[in-house]
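Nothing here was measured: the structure is a model prediction, and the numbers come from that model.
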Amino acid sequence: MADIAYCVKCKEKRDMKEAHQITMKNGKPALQGTCVVCGTKLTRILSSQKA
């Protein structure tokens, strides 16, 4: 499964490289990585059930 998130700079859905799971301040899980095209930090919020 490819880790995909919306890139605000490219304005398209892009693949993430070096994706890793984090926990946000509110306790929700998320994936964080970088855009393969422009290098911008990408964050994708996950559902609580996938964590």
Side-chain angles (χ1 to χ4, degrees):
M1 179 178 123
D3 298 320
I4 299 174
Y6 184 78
C7 180
V8 178
K9 196 170 183 180
C10 296
K11 296 184 179 162
E12 290 185 26
K13 289 186 179 180
R14 300 284 189 188
D15 289 330
M16 277 192 268
K17 66 178 177 182
E18 302 173 7
H20 60 281
Q21 189 168 350
I22 62 164
T23 303
M24 298 189 299
K25 289 180 183 180
N26 63 1
K28 302 264 180 166
L31 277 179
Q32 197 168 52
T34 56
C35 178
V36 294
V37 176
C38 66
T40 302
K41 185 193 294 185
L42 301 177
T43 303
R44 180 177 182 187
I45 300 169
L46 301 174
S47 66
S48 298
Q49 297 166 350
K50 287 187 177 181

**Study point:** C10 SG to L42 CG distance, which is reported to the nearest 0.5 Å
**Key:** 8.0 Å

Exercise for review: Supply the atom-to-atom distance T34 OG1 to E18 CD, rounded to the nearest 0.5 angstrom.
Suggested key: 5.0 Å

Check your understanding: Is there a donor-acceptor pair closer than 3.5 Å between any side-chain N or O of H20 and the backbone N or O of L31?
Key -> no

Check your understanding: What residues, two or more places apart in sequence or in another chain, satisfy salt bridge (Lys or Arg N to Asp or Glu O under 4.0 Å) together with E12?
Key -> R14

Side chain to side chain, [X] and [Y], heavy atoms closer than 4.5 Å:
X	Y	value
R44	M16	yes
S48	K28	yes
Q21	L46	yes

Point to revise | Connected hydrophobic set around I22, excluding itself, where side chains approach under 4.5 Å | key: none

Study note, to complete from the structure: Excluding M24, membership of its hydrophobic cluster (Ile, Leu, Val, Met, Phe, Trp, Tyr; side-chain heavy atoms within less than 4.5 Å) reads I45

